[in-house]
Amino acid sequence: MSVFKSEFLHTLHERGFIHQTSDDSGLDALLQKETLTSYIGFDPTASSLHAGHLIQIMLLHWFQKTGHRPIALMGGGTGMIGDPSFKDEARQLMTPEKIESNLAGVKRGFSKYLNFGEGPQDALMVNNADWLMDLNYVEFLRDVGRHFAVNRMLAFDSVKMRLDREQSLSFLEFNYMILQAYDFVELNQRYDCRMQMGGSDQWGNIINGIDLGHRMGTPQLYAVTSPLLTTSSGAKMGKSATGAVWLNAEMLSVYDFWQYWRNTEDADVSRFLKLYTTLPMDEIARLDRLGGTEINEVKKILATEVTALLHGRNAAEEAAETARKTFEEGAHADNLPSIEVESSQLSDGIGVLSLFVTAGFASSNGEARRHVKGGAVRINDQQVTDERRIINEGDLTGDGVVKLSLGKKKHMLVRPS
RNA sequence: GGAGGGGUGCCUGAGUGGUUAAAAGGGGCGGACUGUAAAUCCGCUGGCUAUGCCUACGUUGGUUCGAAUCCAACUCCCUCCA
């Protein structure tokens, strides 16, 4: 199926979001006819979402933008179990407290992408703990469990891998897919939700939900999955030099977020523009034609657009400007990420090593020492060769700060306080 | 409950008494080259108040001049049987 008539699927298709759908034409027709409700589930495995989730969030974003109602489902209940799909081994069980606090962090990421409210097209955020936690075991088995054939569940790729490798799959985890399927049905009953989206690894889980719906008398439900994204060199999305690319600003500064996208590989630029920005397709096509060194300008646009969606236009442009000053002028822009150090400490003098540890550029003095040996450490753009170098007030520049650099790309300002 | 197999650094995975802080690969970081890209090449990849000290091969104890390597108990995981 190449031609979609509904705006939503058409947009998704031309931007490269679609991996698989359960019923192209049926869904396409339905989307044209009425305002639909669709959901994506997010498990609270960390206290913030990261760049790997961004494609899911963009799906919801487009869904709303093309006139439908998205639901962000928080896996407060399913998070108690942990999704075993395609995992080698059981995840450590998370404590309810941990889940609760993660949930709070995860939620914050959404406000920038979706408009929440009570209207017919306003996004909703719901938590499956609301219905999963109060289930009565026997009742649930009779109403829902009887619709699942273990034979078929065992055949799913997502669990087959575990079984083939003779790794244990606990009964607890085995139930994950039942609960996720049940979520779909529950959301249908509560919110008339007809469609579930997710990463391609969720296909099996989603299909289970559709099947369960059939058996429990819901209207026809639909599935749309997005490709599992990696960079051209095969790295998972969302990992970077400094770790995961978190969406929450307190876990990753706006500047560093911008930098992540600025450093996109050439081969990914066009794909990422389509997936992670809302620039019109003809604009993207125009940028796509730029070659050679101009691609660097395109990367800046990519970075600024992606950052603007998450952190706002102003913050994004500030980050772009900071980067421009830092990289193109060699100056140290005021907006580089910074840390504060007590002035008294500074007058006593701080060793380079511990300063770099404080800045988070090294996790131990030993690591900082190795960086010095490797010639990666600079203070105010001067390479440091003496690992016993002391930084004190004399190192403050005219702006009253000290600039730390690790390698070419990581910079931070130290401010006395 | 019975029989067998196994737990090594971020991950995979060698190592079965003595330069073993532990091969190799992956991943990560830094450097060179470039375009803040990729590819390639080079270096690093337990900690510390550091020519030394401390911690480390599931846990605890033991044998030994010396243990990740041998022994015992415990613990967790896997497979098969009941």
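Every chain is numbered from 1, with letters handed out A, B, ... down the list of sequences.
- Between the side chains of A:Glu317 and A:Thr304, no donor-acceptor pair of N or O atoms lies under 3.5 Å.
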Worksheet item: Can you check salt bridge (charged side-chain N to carboxylate O under 4.0 Å, His left out) on A:Arg142 and A:Glu139, steps first, answer last?
Response: CA-CA 5 Å; A:Arg142 287 180 62 99; A:Glu139 221 171 89; over 6 Å; no
Practice prompt. Take A:His311 and A:Phe257 through the ring-ring contact (aromatic ring centres under 6.0 Å, His included) test and state the conclusion after the steps.
Written response: CA-CA 10 Å; A:His311 295 296; A:Phe257 185 79; 5.5 Å; yes
Discussion item. Before you tell me yes or no, could you show the steps for A:Thr218 and A:Gln189 under side-chain hydrogen bond (donor to acceptor under 3.5 Å, both in side chains), namely the whole-Å CA-CA distance, both residues' side-chain angles and the distance that decides it to 0.1 Å?
Written reply: CA-CA 8 Å; A:Thr218 67; A:Gln189 276 154 15; over 6 Å; no
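- The nearest heavy atom of RNA chain B to A:Gly366 and to A:Gly407 marks one nucleotide each, and the one closer to the 5' end goes with A:Gly407.
- Comment: A:Glu294 does not engage A:Lys299 in a salt bridge, judged by the lack of any side-chain N to carboxylate O separation of less than 4.0 angstrom.
- When the P atom of B:U49 is taken as reference, atom CD1 of A:Ile350 falls 15 Å away, rounded to whole Å.
- The CZ atom of A:Phe356 sits 12 Å away from the P atom of B:G30 (whole-angstrom rounding).
- Rounding to whole angstrom units, CZ of residue A:Arg388 and P of B:C48 are separated by 16 Å.
- Looking at heavy atoms from C-beta onward, A:Thr278 lies in side-chain contact with A:Lys65 at the 4.5 angstrom threshold.
- To the nearest angstrom, P of B:G9 lies 19 Å from CD of A:Glu367.
- Look at CZ on A:Phe361: it is 16 Å from C1' on B:G28, rounded to the nearest Å.
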Pairs: protein N or O with nucleotides 32-36 of chain B N or O, under 3.5 Å:
residue : atom : partner  : partner atom : Å
B:U34   : O4   : A:Lys408 : NZ           : 2.3
B:G35   : O6   : A:Asp266 : OD2          : 3.2
B:G35   : N1   : A:Asp266 : OD1          : 3.2
B:G35   : N1   : A:Asp266 : OD2          : 2.6
B:G35   : N2   : A:Asp266 : OD1          : 2.5
B:G35   : N2   : A:Lys299 : NZ           : 2.8
B:G35   : N3   : A:Asn296 : ND2          : 3.2
B:U36   : O2'  : A:Asn263 : OD1          : 2.2
B:U36   : O2   : A:Gln259 : OE1          : 2.7
B:U36   : O2   : A:Asn263 : OD1          : 3.2
B:U36   : N3   : A:Gln259 : OE1          : 3.2
B:U36   : N3   : A:Gln259 : NE2          : 3.4

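- The P atoms of B:G15 and B:C70 are separated by 12 Å, rounded to the nearest whole Å.
- Pair assignment for B:G25: B:C11, on the basis of Watson-Crick or G-U wobble contacts that are both within less than 3.5 Å.
- Remark: A:Lys410 is in phosphate contact with B:G30, judged by side-chain N or O atoms under 4.0 Å from OP1 or OP2.
- With a cut-off of 3.5 Å on both Watson-Crick or G-U wobble distances, the partner of B:C65 is given as B:G18.
- Nucleotides B:G62 and B:G5 have their C1' atoms positioned 25 Å apart, rounded to a whole Å.
- With a cut-off of 3.5 Å on both Watson-Crick or G-U wobble distances, the partner of B:G46 is given as B:C54.
- Per the geometry, CH2 belonging to A:Trp261 stands 15 Å off C1' belonging to B:A37, to the nearest Å.
- Along RNA chain B, the nucleotide nearest to A:Leu406 and the one nearest to A:Arg370 differ in position, and the one closer to the 5' end is contacted by A:Leu406.
- In this model, a donor atom of one side chain and an acceptor atom of the other lie less than 3.5 Å apart for A:Asp43 and A:Tyr176.
- For the P atoms, the distance linking B:C77 with B:A39 amounts to 41 Å, nearest Å.
- A donor and an acceptor atom, one from each side chain of A:Gln196 and A:Gln202, are nowhere located under 3.5 Å apart.
- Here B:G1 sits opposite B:C81 as a Watson-Crick or G-U wobble pair (both hydrogen-bonding atom distances under 3.5 Å).
- For B:U55 and B:G61, the P atoms lie 13 Å apart once the distance is rounded to whole Å.
- Rounded to a whole angstrom, the distance from the C1' atom of B:G30 to that of B:U75 is 41 Å.
- Nucleotides B:A21 and B:G9 place their C1' atoms 9 Å apart, quoted to the nearest Å.
- Checking B:C41 for Watson-Crick or G-U wobble geometry (two distances, each under 3.5 Å) identifies B:G31 as its partner.
- B:A72 is paired with B:U60 under the Watson-Crick or G-U wobble criterion, all donor-acceptor distances under 3.5 Å.
- Separation of the C1' atoms belonging to B:C57 and B:C10 is 15 Å when rounded to the nearest angstrom.
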Fill in: Stepwise ring-ring contact (aromatic ring centres under 6.0 Å, His included) test for A:His411 and A:Phe327
CA-CA 10 Å; A:His411 306 282; A:Phe327 285 96; 5.8 Å; yes
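- Rounded to whole Å, atom P of B:G47 lies 10 Å from atom CG of A:Asn365.
- To the nearest whole angstrom, the two C1' atoms, one in B:A23 and one in B:A14, are 6 Å apart.
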